[in-house]
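Reading through the structure tokens given below for one structure.
Remember, it's a predicted structure, so these values are computed and weren't measured experimentally. Numbered from 1 within each chain, the chains take letters A, B, ... in sequence-line order. Side chains are part of it too, since the values below use all heavy atoms of this structure and drop only hydrogens, waters and symmetry mates.
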Amino acid sequence: MHDIVWIRANPQAFDEACARRGLPPQASLILDMDRKVRHSRTAAQELQQRRNELTRLISAARRGGRDAAAEIAEVGNIKQQIATLEAIEREDSGKLHNVLEAIPNVVDDTVPEGADETDNVETHRWGNPRNFAFEPRDHVDLGVILGGMDFESAARLSGTRFVVLSGAMARLERALASFMLDVHTREFGYVEVSGPLLVRPETAYGTGNLPKFAGDLFRTTDNRYLIPTAEMTLTNLVRETILDEDTLPLRYTALTPCFRSEAGAAGRDTRGMLRQHQFWKVELVSVTTPEDSPEEHRRMASCAETVLQRLALPYRVVTLSTGDIGFSARLTWDIEVWLPGQKKWREISSLSNCADFQARRMAARCRTRDTRKTRFVHTLNGSGVAVGRALIAILENGQHEDGSVSIPEVLRPYMGGMERLHPGGAAPVDG
RNA sequence: GGAGAGGUGGCCGAGUGGUCGAAGGCGCUCCCCUGCUAAGGGAGUAUGGGCCAAAAUCCCAUCGAGGGUUCGAAUCCCUUCCUCUCCGCCA
């Protein structure tokens with residue numbers, strides 16, 4: 001949500017920001033609407049003032065035993081006018097609101113211009129993709145060899161874009177999640193949260209998923225939404241609150257399933273468990289002051305990178321271009337892990353600074369002790385990281401010619417000491 | 001699912017039609033006194049918006065939300081959301 005006061009003061013800057021998002025200039029249109037709203041609002045308020053005066057006169061007259069017929073008649077008139085003006089104001093401000101809430105966040109100066117993901121700019125890499133002496137398999141083939149990865153059963157149960165993991169494969173998924181949570185809570189100070197997976201429409205609105213992207217979400221019959229990411233739950237923890245700045249930053253992490261309809265993704269990544277309707281993810285959310293959010297963003301990125309480094313998974317970090325960055329984000333870095341089976345870098349974490357964009361939608365504010373003035377907080381979110389995709393990466397990067405897979409050392413304590421997944425050995429689990 | 005109770009400022013808690021944006025208490029901030037591991041006195045302490053070049057000791061709105069009755073509503077009526085209690089059901 002954009003700040004109308006800021007647009008009033010900086011209409012040309014607003015149009016430039018829209019242009020970077022590929023949107024037509026609309027500041028003058030918006031300001032026209034804004035003027036209309038304020039015109040009827042001011043007029044209505046002046047009448048309300050008069051009405052309040054008359055009410056006081058009537059009250060005094062009653063007490064004094066005097067007649068107040070004239071005042072009562074005037075109020076009757078004014079009431080009608082107020083109702084009319086308020087109806088106009090409501091309609092106009094509704095229209096203005098509809099326009100404002102559909103405009104994406106202003107992007108940061110460092111966001112590269114671009115039409116789509118091919119224009120994202122790589123900033124750095126870590127690790128080196130392995131040189132395989134054999135043709136590396138993808139995770140689907142490895143799943144067949146190892147066992148414990150069953151797309152047929154999942155299709156029978158639920159349809160496409162689901163998977164059933166079992167045995168050591170299921171345990172590996174859980175090990176990954178536990179490992180990530182332990183890193184973020186013990187080493188980086190994130191507070192672990194276990195919260196609802198079903199949320200109200202207002203909550204989805206707060207993070208910017210509604211109303212524009214309703215099609216990406218699963219809605220329940222009682223008009224709730226399955227969360228597409230724990231960002232929704234964690235970020236909204238501060239909705240409609242005024243936080244003392246001394247308590248910032250707030251850092252939350254959660255392991256949750258994520259549900260995505262993948263509308264519009266038909267035909268994309270149909271093979272394997274790369275793009276599912278349901279997957280596990282460890283999410284990181286920070287709430288900070290405007291001053292601190294850029295540094296918090298870097299910190300959050302290093303938290304996510306640490307996970308991949310400990311898992312010895314090669315990755316690169318890219319800055320999303322104006323054509324690829326999400327609706328609510330001001331600046332997004334994606335971490336892309338190397339998948340030997342695809343010979344591609346694939347997103348495994350997305351780290352966004354949303355600045356005050358979500359905070360406005362949620363009415364999440366903060367205040368310093370001295371100034372007493374409120375302002376909107378900055379919210380940041382990032383995957384720390386996607387568990388399903390991490391599982392894929394481990395299988396593909398850790399594979400051997402016979403199809404067995406080395407388990408990263410940091411996960412072995414979570415796997416009962418198991419060092420390798422052996423062909424046919426993934427199910428049933430041992431240890 | 002059935003029956004009942006309730007939602008007031010950071011917190012507690014008054015207030016059942018008329019200077020109520022809201023008594024009182026707690027907490028917090030500042031000042032004074034005292035003087036030391038206590039206490040006392042005073043002042044201040046909601047949010048959003050409008051107007052304005054800007055601001056205000058100017059104006060409007062807000063007592064869960066929305067609508068209604070009334071000259072006037074925190075107070076009455078309706079709807080809705082939420083919380084709590086009991087019963088039922090249940091991981």
Side-chain angles (χ1 to χ4, degrees), chain A residues 1-11 30-97 100-101 194-206 210 219-225 233 236-248 250 256-257 287 356 359-377:
Chain A
M1 180 61 68
H2 291 276
D3 181 6
I4 186 67
V5 177
W6 185 82
I7 298 175
R8 272 178 218 152
N10 309 278
I30 288 168
L31 293 181
D32 281 347
M33 299 174 82
D34 178 47
R35 267 187 290 275
K36 252 175 108 181
V37 170
R38 281 188 294 158
H39 182 263
S40 43
R41 180 171 297 161
T42 302
Q45 289 188 354
E46 280 165 2
L47 289 175
Q48 283 168 334
Q49 183 178 353
R50 177 61 183 158
R51 183 200 58 195
N52 291 345
E53 283 166 13
L54 290 167
T55 295
R56 278 190 285 271
L57 289 174
I58 293 165
S59 174
R62 282 279 162 86
R63 271 198 298 273
R66 278 171 281 115
D67 174 66
E71 286 83 356
I72 290 175
E74 188 182 344
V75 169
N77 257 330
I78 289 177
K79 261 175 73 175
Q80 214 25 264
Q81 297 177 50
I82 291 175
T84 306
L85 284 168
E86 282 183 337
I88 294 169
E89 187 215 315
R90 211 175 8 255
E91 192 185 332
D92 288 342
S93 70
K95 283 182 192 163
L96 176 58
H97 200 77
L100 287 178
E101 73 185 4
S194 172
L197 306 178
L198 286 169
V199 298
R200 305 162 163 283
E202 298 91 308
T203 305
Y205 179 88
L210 288 182
R219 191 171 66 152
T220 61
T221 53
D222 65 347
N223 199 29
R224 281 180 239 271
Y225 291 86
T233 314
N236 276 284
L237 286 176
V238 297
R239 71 176 293 114
E240 293 165 65
T241 60
I242 301 176
L243 300 157
D244 187 338
E245 285 190 12
D246 295 347
T247 66
L248 302 180
L250 299 176
T256 69
V287 178
D356 61 0
R360 285 180 192 286
R361 291 178 161 247
M362 297 187 298
R365 291 158 293 174
C366 62
R367 133 164 76 211
T368 50
R369 224 166 242 294
D370 34 318
T371 65
R372 306 286 308 155
K373 282 205 146 191
T374 62
R375 51 183 186 157
F376 291 100
V377 296

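Comparing U19(B) with G72(B), their C1' atoms are spaced 12 Å from each other, to the whole Å. Of the P atoms belonging to A74(B) and U16(B), the separation is 13 Å, rounded to the nearest Å. Rounded to whole Å, the separation between the P atoms of G15(B) and G7(B) comes to 11 Å. Annotation: G27(B) and G64(B) have their P atoms spaced 26 Å apart (nearest Å). Nucleotides G4(B) and U47(B), compared at atom P, are 40 Å apart to the nearest Å. Taking atom C1' in both A22(B) and G40(B), one finds a spacing of 29 Å when rounded to whole Å. On the C1' atoms, G2(B) is 39 Å away from C20(B), given to the nearest whole Å. One P atom belongs to C58(B), the other to G67(B), and the distance between them is 29 Å to the nearest Å.
If you check every strand for non-hydrogen atoms under 4.0 Å, Glu71(A) touches nothing. Using a 4.0 Å heavy-atom criterion, one finds that Leu54(A) contacts no nucleic acid atom at all. Among the protein residues, Arg8(A) comes within range of the sugar-phosphate backbone only, with heavy atoms under 4.0 Å from sugar or phosphate atoms but none that close to a base. Looking at heavy-atom distances under 4.0 Å, Arg38(A) makes contact with sugar-phosphate atoms alone, never a base.
Across the protein-nucleic acid pair, Glu89(A) atom CD and A61(B) atom P stand 12 Å apart, rounded to whole Å. The interatomic distance linking Leu47(A) (CG) with G50(B) (C1') rounds to 14 Å, in whole Å. Atom-to-atom, NE2 of His39(A) to P of C51(B) comes out at 10 Å; the value is rounded to the nearest Å. Atom CD in Glu53(A) sits about 14 Å away from atom P in C58(B), given to the nearest Å. Atom pair Leu198(A):CG and C82(B):P shows a separation of 13 Å (rounding to whole Å applied). Atom CZ in Arg239(A) sits about 14 Å away from atom C1' in C82(B), given to the nearest Å. Distance, Ile58(A) CD1 to U19(B) P: 14 Å, rounded to whole Å. Here A65(B) presents its P atom at 11 Å from CD of Glu240(A), a figure rounded to the nearest Å.
Projected onto RNA chain B by closest heavy-atom contact, Ile242(A) and Ile4(A) fall at different nucleotides, the more 5' of which corresponds to Ile242(A).
Proximity of Thr220(A) to Leu198(A): side-chain heavy atoms (C-beta onward) are separated by under 4.5 Å at one or more points. The side-chain heavy atoms of Val5(A) and Arg8(A), taken from C-beta on, include a pair separated by under 4.5 Å. Using a 4.5 Å cut-off on side-chain heavy atoms (C-beta onward), His97(A) and Met1(A) make contact. Two residues are said to be in side-chain contact when any heavy atoms from C-beta on lie closer than 4.5 Å; Thr84(A) and Gln81(A) fail this criterion.
For the OP1/OP2 pair of G48(B) and a distance below 4.0 Å, the side-chain nitrogens and oxygens of Arg365(A) include at least one atom meeting the criterion. Taking 4.0 angstrom as the limit, Asn52(A) places none of its side-chain polar atoms (N or O) nearer than this to OP1 or OP2 of C59(B). Phosphate contact (OP1/OP2 of G48(B), side-chain N/O of Thr374(A), threshold under 4.0 Å): present. For A61(B), the OP1/OP2 oxygens have a side-chain nitrogen or oxygen of Arg51(A) closer than 4.0 Å. In terms of phosphate contacts, Thr42(A) brings a side-chain nitrogen or oxygen within less than 4.0 Å of OP1 or OP2 of C51(B).
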Determine, stepwise, if the pair Gln45(A) / Glu89(A) fulfils side chain to side chain contact (heavy atoms under 4.5 Å, CB included).
CA-CA 11 Å; Gln45(A) 289 188 354; Glu89(A) 187 215 315; over 6 Å; no
Apply salt bridge (charged side-chain N to carboxylate O under 4.0 Å, His left out) to residues Glu91(A) and Lys95(A) and explain how you reach the verdict.
CA-CA 6 Å; Glu91(A) 192 185 332; Lys95(A) 283 182 192 163; 3.6 Å; yes
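The number of heavy atoms from other shown groups lying within 6.0 Å of CZ (Arg224(A)) does not exceed 12.
For Gln49(A), whose side chain is taken as the heavy atoms from C-beta onward, the closest listed nucleotide among C71(B), C60(B), C51(B) is C60(B). The side chain of Arg90(A) sits closest to G67(B) out of G49(B), C82(B), G67(B). Side chain of Lys79(A), nearest nucleotide from C71(B), C82(B), A46(B): C71(B). The side chain of Arg200(A) approaches C82(B) more closely than any other nucleotide in the set C82(B), C59(B), A61(B).
Helical stems of RNA chain B (runs of at least 3 Watson-Crick or G-U pairs, donor-acceptor distances under 3.5 Å) are listed by first residue: B:1-7 with B:81-87, B:10-12 with B:24-26, B:27-32 with B:40-45, B:46-50 with B:58-62, B:64-68 with B:76-80.
Leu31(A) CG to Asp34(A) CG: the interatomic distance, rounded to the nearest 0.5 Å, is 6.0 Å.
Although no hydrogens or angles enter the test, the distance criterion places no donor-acceptor pair under 3.5 Å between the side chain of Asp356(A) and the main chain of Phe376(A).
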Only pairs under 3.5 Å count here: list side-chain donor-acceptor contacts from residues 53-60 of chain A, not counting sequence neighbours, and write none if there are none.
| unit_1 | atom_1 | unit_2 | atom_2 | d |
| --- | --- | --- | --- | --- |
| Glu53(A) | OE1 | Arg50(A) | NH1 | 3.2 |
| Thr55(A) | OG1 | Arg51(A) | O | 2.9 |
| Ser59(A) | OG | Arg63(A) | NH1 | 3.3 |

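A donor N or O paired with an acceptor N or O is found under 3.5 Å between the base of G49(B) and the side-chain atoms of Gln45(A).
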